[in-house]
Amino acid sequence: MIPFVVAPSVRARPIVPSVLLVVAGGFLGYLTVQLWPLVFLVVWAGTALGVGLRLVPEPRAQEVAAVPVLVALATGAVASPLGIVPELVAGGAALAFLLWLADDPARPAGGSVRGRVTVLIPAFALGIAWASALLLPSSSASLGVAAGLLVFVIAALAYLVGRPGLFDREPAATS
Amino acid sequence: VSAAASSGTALHWRPLAFLLFATGVLLLAAAVAERSPIPLFLALPLLLASPAAALSGPRGPPELLLERHAEGSGMEVRIVGSLASTDRVDARDLEVSFVRPPGLFESSPPRLEWAAKEVHFDFHWEAREPTIVVVPPPAAVWRDAAGLVERAAAFAAPPLVVERYPPELIRVGAVRLRRTMVQPGETPSRRIGAAGEFYGIREAAPTDPPRRINWRASARAGRWLTNEYQVDRTGDVLLLIDARRSSLGASVDERLLSISRAAAAGIAASFLHEKARVGVGVFGEFLDIVPLSTGRAQGIRVRSLLLSARLGPSNIPSERGAVSVSRYFPPGVTTILFSSLADESAVELVPHLRRRGYPVVVLSPSPLPITSEHPSLSEEEEALVVRIGRLARREQVAHVWRDAPTVDWEDYWSLGRFVEYLRRPGTRRVG
């Protein structure tokens, strides 16, 4: 038996999500210049490498394309100075990354529309978080509370990741 | 729903989801260590993306409907069908993997078209040799657009069998068999018509031609009487496949068995169409049989046995096969033996069958076209090897001819000489 998967026919390259990601990554890299003069190179190179790998018609390259982008964005977020704008740019870069993931050139077109739930729910949560950061006064005590809450969120997420069956529909009693 | 089935269709996180989760956790740790909220803003969407993707998909295995059929004739095999989503799953989020059975080769690139509710597929394959194979159903997996989670779909699909055999076999069932019966099986097989042996006299109809009028009987009776004839084509035929391994090697044996199975399927279908009783035996380690019978159900039984036929060990004595045949099939049944005749034990099966009263016709698929497929020598040397192989083969066939008429089947897409021999058994040498 010879198993095979048929790839969708060649379609237009996902330019818009790629441009959004490059712009967000580029801006994040630009922000790092104030604290770390050379880190922006890592951010830009990682983002460009990921976008480039995704556009190469090679399945293995497309599979690993997300790794350099994640490394670049994480580096940029850690090296950015404190401020409302860097917070917004970091969150926007994460959303641009998700949108870019959804528009996979190896799959049928329209992925960014079909994957809207995957982007919109984090976007909603990000909006709440950013509004809270903007409007509420910050202090060391609130950072400790936030850290505690984050540990709780990580534990909850770890529980969800470990039990994917929780997302299953309950079978009918009569089946 | 069994536990195994439900675990197979449960939601699975893909490696990318774990990567996002790990990156998110590291960013959170960095945020706390650095006392900076910026990594936290990057981490939040990454952590929430995977559960959001899981929520966007089906809450159980996607319900899909598979429709497919095989088209084409001769060597051409075209599989056309569609996989339709019956619930809210978008078909463009389905990753469908297909399986091409051995013996079928791709003649042009496969085509898949995704629509919102259906995936259409169209495969052009080629059967380079006669074959009978089951095309397994495709495996479908729902995967969210970002590639974070996936869930296998479960659906039932009837088996799709592709049969390709030489076209001459379609009319092989019309030959007269040695052992005949009046009404075999469940279906009355006697055919009354305008040709064949004399059957009786009946009142003439205005449509009867003058040559069918029985003039003497009409003169005696004083009214028009006409002759009726009985077409007695029914009979018993046994298709016996020698599935023991030979010195040719596993791959050649496998292909020869596949060719034999296809030919047996074609012959069985043709005889069953003519309402003859057909029995099948596959002699590997033991004799697997389908007893003599007729009808559509018999066709399904024969096909099932042929599809499940596998090679047996090589050291099984031929006499065991002949004795087993005599246990299940009455003597006198026209027996078509499929054997490569590669080894002495294969040759010995013929006289053993003859001694037990089975009139045998040997249809021997020649290994020469397969063994000369990948020449490793120079052109001249290869021609010499083929010539020697052909001479050796001719001698083998001549040796078997002492016990039974033997058809050397070298051109796998033509069985005209075999059909011709069955029609006119007096022909001395075939092949």
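No experiment lies behind these values; they were computed from the predicted model shown. So that the names make sense, note that chain A is the first sequence line, chain B the second, and so on, each numbered from 1.
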Counting only non-hydrogen atoms closer than 4.5 Å, does W100(A) touch chain B with its backbone (N, CA, C, O), its side chain (CB onward), both, or neither?
neither
Quick check for you: among L70(A), L120(A), I121(A), V117(A), which has the greatest number of heavy-atom pairs under 4.5 Å with chain B?
L70(A)
Please look at D90(B) and chain A and tell me whether the side chain, the backbone, both or neither of the residue comes under 4.5 angstrom of a heavy atom of that chain.
side chain
So do L44(B) and P122(A) actually touch side chain to side chain, heavy atoms under 4.5 Å?
no
Interface check, chain B: of G115(A), G76(A), G91(A), G83(A), most non-hydrogen pairs under 4.5 Å belong to G91(A)
State which residues pass side chain to side chain contact (heavy atoms under 4.5 Å, CB included) with R143(B); sequence neighbours excluded, sorted by chain then number.
R107(A), R14(B), E95(B), E150(B)
Side-chain heavy-atom pair F97(A), L46(B) within 4.5 angstrom cut-off
yes
Between L82(A) and S36(B), the two heavy atoms sitting closest are CD2-OG, 3.6 Å
Side chain, backbone, both or neither: which part of F121(B) has an atom under 4.5 Å from a heavy atom of chain A?
neither
Looking at every heavy atom in both L98(A) and P45(B), which two are closest together, and how far apart are they?
CD1-O, 3.8 Å
With a 4.5 angstrom heavy-atom cut-off, which part of L26(B) approaches chain A: side chain, backbone, both or neither?
neither
Work out which heavy atom in S56(B) is nearest to a heavy atom in T118(A); give both atom names and the distance.
OG-OG1, 4.3 Å
Out of A52(B), A33(B), A29(B), return the one with the most heavy atom pairs under 4.5 angstrom to chain A.
A52(B)
With only heavy atoms counted, which part of A30(B) is less than 4.5 Å from chain A, the side chain, the backbone, both or neither?
side chain
